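Naming convention: chains lettered A, B, ... in sequence-line order (proteins, then strands); numbering from 1 in each chain. As the structure is a computational prediction, the values presented were derived from the model and not from experiment.
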Amino acid sequence: MRRKESPGVTFVPVTEYAVQAEGLVKEFGDVKALNGIDLVVPRGKVVGLLGPNGSGKTTTVRILATLLKATSGSAQVNGFDVQRQADDVRRSIGLTGQYAAVDEFLTGRENLTMFGGLFHLEKNYVASRSDELLHKFDLADAADRPAKTYSGGMRRRLDLAASLIAKPGILFLDEPTTGLDPRSRIGLWDVISELVFEGTTVLLTTQYLDEADQLADDIVVIDQGQVIAHGTSSELKDQIGGDRIEITLDDEQSAARAIDALSGVVSGEPTTEGAQYSAPVAGGSSVLIDAVRALDARNVSVADIALRRPTLDDVFLAMTGHGAEDQQPERPEPSRRGRRGGR
Amino acid sequence: MSAPGVQSRRPVLGWTIHDSLIIARSTITASFRIPEALFFQLIQPVIFVLLFAFVFGGAIPIPGAEPGSEGDPSLYREYLMPGIFGQTVAFAAAASTVGLAEAMQRGIIDRYRALPMSQPAVLIGNTFANALRQVLVLTVLSITGYIVGWRINDGIVNAILAYLLLLLFAYTVTWVGAYVGLSVPNTETANTAGLIWIFPLTFLSNAFVPITALPTWLQYFAAFNPISALVQATRELFGNPTGAPTDYWTLNNAALYTVISCVVIIAIFAPLAVRKYRTAARK
């Protein structure tokens with residue numbers, strides 16, 4: 001048995017949900033950071049908690065990871081109450097925050113050894129598990145160098161490795177790729193995908209829509225401490241309409257002819273602005289071929305034509321009236337900021 | 001509180017010691033990875049020894065010394081060294097202040113707090129490591145003192161007691177340092193706040209001048225300042241000159257008062273620091 005304190009069979013409560021939260025409210029003084037968050041994460045799934053800065057994502061994760069006490073509401077992680085059974089929750093989870101929380105003067109291996117020891121795991125287990133993680137996260141060559149010599153991506157991978165030392169079934173990732181360059185980001189996504197493939201349940205917070213799109217089975221959109229939407233990526237996209245065809249015409253004069261030519265192809269009312277044409281379509285990418293043929297038949301020349309699937313950014317704009325990456329004021333304000341446009 | 005099926009866990013105290021030792025070992029290992037910091041931590045008291053020994057050397061009279069020897073620089077150096085020892089161990093607090101403020105700012109404290117470990121162990125380990133590091137500092141300081149003429153005059157047993165008293169005091173102030181480190185908003189503040197209270201505390205004592213040289217109201221403060229008692233006790237145990245006797249109970253029972261002060265300070269600041277730690281949020 002790898003846990004010193006549990007030589008017997010480790011009790012795993014059988015609950016459908018790895019994480020279950022009801023009506024979480026958190027007040028900091030007179031600021032309401034969470035205003036009744038309900039959340040479930042089914043076992044083996046990835047749920048993305050999506051929202052702008054200050055929307056309450058991190059506060060939610062900190063409550064679930066036993067770092068903060070909720071003002072009211074209840075939450076269970078792995079079947080354990082986060083307030084009354086904090087130690088059992090802590091044994092069930094791994095937490096990777098927004099910052100690489102490792103000791104930068106210790107080597108990668110020393111960090112893992114330390115955290116393994118603090119998890120009360122046996123030395124031999126920690127040694128072999130550290131090796132395994134260092135190889136898996138491509139840190140084997142740097143294992144015996146102080147972490148302060150690591151690149152940003154390497155530190156995040158070490159940080160993630162540290163939260164995985166005890167093979168937790170549930171992983172909280174709080175903005176795991178914030179501040180990383182695109183290559184490191186994709187590298188970290190691969191690592192996370194692999195963990196999920198192996199059966200880890202993940203609750204991920206992010207303000208990057210493509211990240212939620214890429215990793216999450218289910219997305220919970222929160223804004224100003226409340227859940228404003230919930231569903232799979234495609235369900236959320238369907239809520240604001242399906243695909244659109246977007247065409248840049250060679251000249252503005254042909255706009256009228258284009259509308260006419262495509263009237264049998266598109267599925268809804270088109271909009272034009274100068275040489276830009278946009279309309280909702282149904283039927284997938286074959287629509288593009290039909291559109292090109294129809295335009296060609298009417299001698300409308302085209303600079304660019306594309307089928308655009310709505311992004312979660314569109315979802316966010318449609319639901320909150322502001323873009324996902326707009327900075328939110330700390331205190332909720334009645335007036336919404338104007339839209340800043342797409343990414 | 002444990003889940004059914006989880007058996008034969010260590011008693012809480014066992015885990016606390018286990019986890020504290022892990023934290024202490026990591027803290028010490030990390031401190032040796034920053035040779036510059038270690039160097040400056042060692043060089044600062046050495047500079048103090050040299051400054052006081054050679055700059056103030058003959059200028060500060062030690063009352064109560066043998067007639068004719070007053071103003072003898074070697075006498076002041078013997079008087080001075082326990083003062084420097086006391087001042088140096090007081091600065092052990094700063095290491096805990098800065099270390100914990102940094103750990104908090106970098107988010108490591110969050111990670112510790114999400115582990116199923118003994119939570120006070122983070123502070124016990126950190127303070128223990130910073131006090132233990134004073135062994136090295138005291139060694140370097142003792143050698144420097146020996147070179148400038150300081151001697152251990154009252155036997156090895158008393159000398160060991162003197163060093164133990166200094167280490168106890170170091171451990172005590174690291175708890176104050178830990179509390180300050182967890183209370184400041186960032187590491188920049190920690191760098192200042194970690195030191196600002198130690199300077200007046202060490203100078204308003206008998207560390208460098210006999211307290212009889214201070215104005216009466218300051219004398220009163222200095223007499224109850226635990227650093228004075230520590231330095232007085234250390235002087236007695238090393239067999240160094242102590243200056244003229246005073247009427248203060250705290251100085252006439254210096255070792256006892258030092259131990260009482262340490263116990264009281266730990267009893268106040270350890271629970272305060274642990275409570276601060278439990279509610280600490282990454283800043």
Side-chain angles (χ1 to χ4, degrees), chain A residues 1 3-13 28 58-59 61-62 64-69 78-80 84-107 110-111 113-120 146-148 159 162-163 165-166 172 174, chain B residues 1-12 14-38 99-100 102-122 125-126 129 277-283:
Chain A
M1 276 294 109
R3 284 217 171 98
K4 287 179 194 169
E5 78 269 38
S6 55
V9 180
T10 306
F11 173 76
V12 179
F28 295 105
T58 298
T59 305
V61 167
R62 290 177 67 86
L64 295 175
T66 75
L67 296 179
L68 269 184
K69 277 199 168 82
N78 201 22
F80 299 116
R84 285 179 292 109
Q85 296 165 298
D87 260 6
D88 293 309
V89 171
R90 290 170 184 160
R91 262 184 274 279
S92 313
I93 62 167
L95 169 69
T96 289
Q98 295 173 31
Y99 303 86
V102 293
D103 190 321
E104 57 177 351
F105 296 110
L106 299 182
T107 67
E110 284 167 347
N111 266 293
T113 306
M114 173 176 75
F115 289 120
L118 294 175
F119 239 108
H120 303 166
K148 69 171 185 173
D159 189 50
S163 37
I165 193 86
F172 294 132
D174 188 15
Chain B
M1 293 304 250
S2 65
V6 176
Q7 307 162 21
S8 68
R9 301 166 74 173
R10 279 193 206 191
V12 174
W15 282 125
T16 303
I17 293 169
H18 171 269
D19 296 347
S20 300
L21 288 175
I22 291 179
I23 296 285
R25 196 174 57 200
S26 298
T27 308
I28 288 174
T29 309
S31 74
F32 281 102
R33 298 276 162 75
I34 331 167
E36 321 81 81
L38 198 65
L100 286 170
E102 268 177 6
M104 192 144 70
Q105 189 154 7
R106 283 211 308 268
I108 298 194
I109 298 281
D110 276 359
R111 159 145 290 153
Y112 290 144
R113 288 184 56 225
L115 288 177
M117 63 180 288
S118 154
Q119 295 300 313
V122 173
N126 180 285
Y277 173 87
R278 285 189 196 277
T279 55
R282 202 202 69 82
K283 289 174 187 139

Quiz item: Do the side chains of B:Arg33 and A:Lys148 get nearer than 4.5 Å, heavy atoms only?
Solution: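 Of all side-chain heavy-atom pairs linking B:Arg33 with A:Lys148, none is under 4.5 Å.
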Quiz item: Within a strict 4.5 Å, meaning less than it, do heavy atoms of the A:Glu110 and B:Arg25 side chains meet?
Solution: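 A side-chain contact is absent here, since even the closest heavy-atom pair is not under 4.5 Å.
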Self-check item: Aromatic ring pairing A:His120/B:Trp15, orientation class (parallel under 30°, perpendicular over 60°, tilted between)
Solution: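 Parallel: the ring planes of A:His120 and B:Trp15 meet at under 30°.
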Exercise. Measure from the side-chain N and O atoms of B:Arg111 to the backbone N and O of A:Asp159, and report whether any donor-acceptor pair falls under 3.5 Å.
Key: yes
From [X] [atom1] over to [Y] [atom2], what is the distance, rounded to the nearest 0.5 angstrom?
| X | Y | atom1 | atom2 | value |
| --- | --- | --- | --- | --- |
| A:Asp103 | B:Ile23 | CG | CD1 | 9.0 Å |
| B:Ser26 | A:Phe105 | OG | CZ | 13.5 Å |
| B:Ile108 | A:Phe115 | CD1 | CZ | 5.5 Å |
| A:Thr66 | B:Leu115 | OG1 | CG | 9.5 Å |
| B:Arg278 | A:Lys69 | CZ | NZ | 9.0 Å |
| B:Met117 | A:Met114 | CE | CE | 8.5 Å |

Quiz item: Under a 4.5 Å heavy-atom cutoff, which of A:Ala65, A:Ala162, A:Gly94 has the most pairs with chain B?
Solution: A:Ala162
Quiz item: Taking A:Val102, A:Leu95, A:Leu67 one by one, which has the highest count of heavy-atom pairs under 4.5 Å against chain B?
Solution: A:Leu67
Self-check item: Heavy-atom contact with chain A under 4.5 Å, split by part of B:Phe32
Solution: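 No part of it gets close to chain A.
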Quiz item: What closest approach, in Å, do A:Ala101 and B:Gly107 show between heavy atoms, and which atom pair accounts for it?
Solution: CB-O, 3.3 Å
Quiz item: Of the non-hydrogen atoms in A:Arg90 and B:Pro116, which two are nearest, and what is the gap between them?
Solution: CB-N, 3.7 Å
